[in-house]
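Data block below; observations after.
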There are 2 protein chains.
Amino acid sequence: MFRFGYDAVMSSVTSGPEAAARPLRRDAERNRALILDAAREVYAAQGLDAGFDEIARAAGVGVGTVYRRFPERGDLVQALFEQEIDAVVARVQEAAADPDPWRGLGGFLRWGAEAQAADRGLAQVLAAAGKGHERVAAGRDRLRPAVEALVRHAQAAGVLRDDVTEVDIGIALAMISQVGDASRGDLRDRYVTLVLDGLAVRREAPTPLPAAPASEDDLACVVAPARRHR
Amino acid sequence: MFRFGYDAVMSSVTSGPEAAARPLRRDAERNRALILDAAREVYAAQGLDAGFDEIARAAGVGVGTVYRRFPERGDLVQALFEQEIDAVVARVQEAAADPDPWRGLGGFLRWGAEAQAADRGLAQVLAAAGKGHERVAAGRDRLRPAVEALVRHAQAAGVLRDDVTEVDIGIALAMISQVGDASRGDLRDRYVTLVLDGLAVRREAPTPLPAAPASEDDLACVVAPARRHR
DNA sequence: AACGAAGTGGAACAGTCTTTCCGGTTCTGC
DNA sequence: GCAGAACCGGAAAGACTGTTCCACTTCGTT
């Protein structure tokens with residue numbers, strides 16, 4: 001199988017009605033926090049396919065504990081990335097507030113590409129949000145209007161072509177993020193610039209590309225597969 | 001494991017010196033062909049991670065037979081895609097021969113994106129070629145000069161910006177191919193057009209995008225994960 | 001301090017997928 | 001048509017994960 005594409009991770013139905021949450025015992029609460037911290041790191045490094053085993057080890061608890069606290073993987077992912085998506089929204093709003101809308105858009109693309117390169121889990125969650133998974137629908141619904149505002153501002157200023165939408169921006173970002181290797185920020189910027197040149201209404205000449213022409217070896221950075229631990 | 005990212009598939013060392021190949025028995029030769037045909041289909045549909053089990057079943061032979069004929073996965077992949085890469089090279093040369101270099105480049109990008117969307121295995125092999133895997137080095141070395149010629153022609157005609165190389169074209173193609181869902185050729189064309197607008201030396205106005213503005217649901221097509229059989 | 005409920009860890013179980021192995025079959029040369 | 005080598009199929013072994021379960025520990029309460 002696909003071990004567990006975020007597809008499977010995400011597809012679990014949102015669990016029942018909010019059971020009158022009796023507070024956890026103090027030790028349980030502490031473990032829960034340890035697990036979340038560990039999961040954040042492990043997911044960032046390995047993506048959502050990382051096993052509960054690994055997270056448990058990183059948190060210093062038994063697997064059983066992880067399963068008891070987060071019966072479905074989706075529970076853990078959801079809890080974890082609710083906050084991260086907030087950070088993305090905040091960054092979009094900041095970009096939309098930039099007095100130079102073009103700079104705002106470009107800055108956001110650069111930031112978003114880097115954020116996803118640095119955090120595989122985030123990249124997968126954002127993709128899942130695009131796919132309409134229930135568990136991250138809330139985050140997406142906060143994200144979309146923000147991007148929409150960013151797009152509108154840039155279009156109103158006459159710098160962003162009128163025939164693209166906020167969805168296009170999301171897809172463009174996902175595409176660029178495929179230029180994966182986290183260590184090659186210069187390469188990522190190169191393709192952000194290229195895509196921005198495509199998004200512009202018009203231009204007299206190419207915007208200078210930030211990185212030296214990609215060498216043959218740089219192809220290695222593309223579509224980097226999920227690297228496996230160890 | 002990663003089940004078997006193409007990473008693992010590809011990393012096997014090229015097997016010893018060409019053992020004086022005694023011809024196979026006739027039935028063995030027939031089975032070998034059956035296996036290759038089956039593998040082509042299975043890999044196209046599921047990517048290189050498909051198990052030998054599945055290929056054997058599709059070919060109507062036992063697993064043991066597959067293992068005997070192709071002791072390492074890399075052997076099978078290599079044999080299979082040697083020819084497919086030839087088809088890609090041919091398409092590039094055709095594009096480079098187009099009297100309108102810009103149309104040639106655009107046509108190739110469109111074709112390449114579709115080919116990779118329709119054949120997951122091909123997409124993985126091309127990515128592997130970029131990563132410098134030994135087993136597909138020969139194919140890559142045939143591909144690179146062809147793309148280089150395509151790039152040179154377009155640049156000589158003054159339509160393709162001078163600061164991109166054949167590697168950039170490969171990366172751009174890989175990025176676009178992430179807009180995965182094979183059934184959404186219109187969406188893929190949309191982003192090919194966007195990227196082409198970025199690759200152009202200059203332009204007065206945006207090239208009209210072929211597809212209707214992507215709807216929210218279309219995000220689902222991005223970064224489509226390896227769908228698992230059944 | 002002592003009792004019960006809540007929580008814990010990790011061994012055991014259950015799936016998958018890969019790889020080996022060998023009794024039986026098919027081909028080829030003579 | 002026979003001998004023997006080459007080849008075949010698929011059961012079984014091995015290597016991994018994901019998940020469950022329960023004897024034991026810890027916590028909160030009285």
Side-chain angles (χ1 to χ4, degrees), chain A residues 1-12 19-36 38-39 42-43 46-77 226 228-230, chain B residues 1-12 15 19-35 38-39 42-43 46-77 226 228-230:
Chain A
M1 51 92 282
F2 188 66
R3 273 123 78 265
F4 253 123
Y6 51 71
D7 238 350
V9 170
M10 283 293 159
S11 63
S12 41
R22 202 205 331 84
L24 292 172
R25 234 168 62 176
R26 208 154 40 229
D27 55 342
E29 186 58 50
R30 184 171 41 80
N31 278 340
R32 186 172 184 280
L34 285 175
I35 291 168
L36 280 171
V42 172
Y43 281 160
Q46 302 185 9
L48 303 187
D49 290 339
F52 271 20
D53 245 29
E54 188 121 11
I55 293 171
R57 197 176 331 127
V61 304
V63 234
T65 302
V66 180
Y67 273 94
R68 188 166 338 91
R69 208 51 64 206
F70 304 96
E72 321 186 15
R73 298 169 90 77
D75 296 328
L76 180 51
V77 175
R228 211 42 188 167
H229 38 295
R230 123 181 32 269
Chain B
M1 46 86 266
F2 185 50
R3 282 115 78 254
F4 255 125
Y6 52 70
D7 238 349
V9 170
M10 283 292 157
S11 63
S12 42
S15 58
R22 200 205 332 85
L24 292 173
R25 234 169 61 175
R26 208 154 40 227
D27 55 341
E29 185 58 50
R30 184 173 41 80
N31 278 339
R32 186 172 185 279
L34 285 175
I35 292 168
V42 173
Y43 281 161
Q46 304 186 10
L48 302 188
D49 289 340
F52 270 20
D53 242 28
E54 188 122 12
I55 293 171
R57 197 177 330 126
V61 304
V63 233
T65 304
V66 180
Y67 272 94
R68 191 166 332 96
R69 209 49 64 205
F70 303 96
E72 321 187 13
R73 298 169 91 76
D75 296 328
L76 179 52
V77 174
R228 211 44 184 166
H229 39 294
R230 126 183 31 268

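Values in this document were obtained by computation on a predicted structure and should not be read as measured data. In what follows, chains carry the letters A, B, and so on, assigned in the order in which the sequence lines appear, proteins first and then strands, with residues in each chain numbered from 1.
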Expressed as a whole number of angstroms, how long is the span from [X]:[atom1] to [N]:[atom2]?
| X | N | atom1 | atom2 | answer |
| --- | --- | --- | --- | --- |
| A/Arg30 | D/dT25 | CZ | C1' | 13 Å |
| A/Leu34 | C/dT8 | CG | P | 10 Å |
| B/Glu29 | D/dC8 | CD | C1' | 16 Å |
| B/Leu24 | C/dT26 | CG | C1' | 15 Å |
| A/Leu48 | D/dG18 | CG | C1' | 16 Å |
| A/Ile55 | D/dG18 | CD1 | C1' | 12 Å |
| A/Phe52 | D/dT17 | CZ | P | 16 Å |

Which nucleotide in C/dC27, D/dG28, C/dT18 has an atom nearest any side-chain atom of A/Arg25: D/dG28
Select one nucleotide: of D/dC8, D/dT19, C/dT18, the one nearest the side-chain heavy atoms of B/Asp53. C/dT18
Which parts of residues 61-71 of chain A get close to DNA chain C, meaning a heavy atom less than 4.0 angstrom away? A/Val61, A/Gly62, A/Val63, A/Gly64, A/Thr65, A/Arg68, A/Arg69
Contact under 4.0 Å: A/Asn31 side-chain N or O vs C/dG7 OP1/OP2: no
A side-chain contact here means heavy atoms from C-beta on lying under 4.5 Å apart; do A/Phe70 and A/Val77 qualify? no
Indicate yes or no: at least one non-hydrogen side-chain atom of A/Arg32 is less than 4.5 angstrom from one of A/Leu24. yes
Any chance you could measure B/Leu48, atom CG, to B/Leu76, atom CG, to the nearest 0.5 Å? 9.0 Å
dist A/Tyr67:OH -> A/Glu72:CD (nearest 0.5 Å) comes out at 11.5 Å
Under 3.5 Å, is there any donor-acceptor pair linking the side chain of B/Arg26 to the base of C/dT28? no
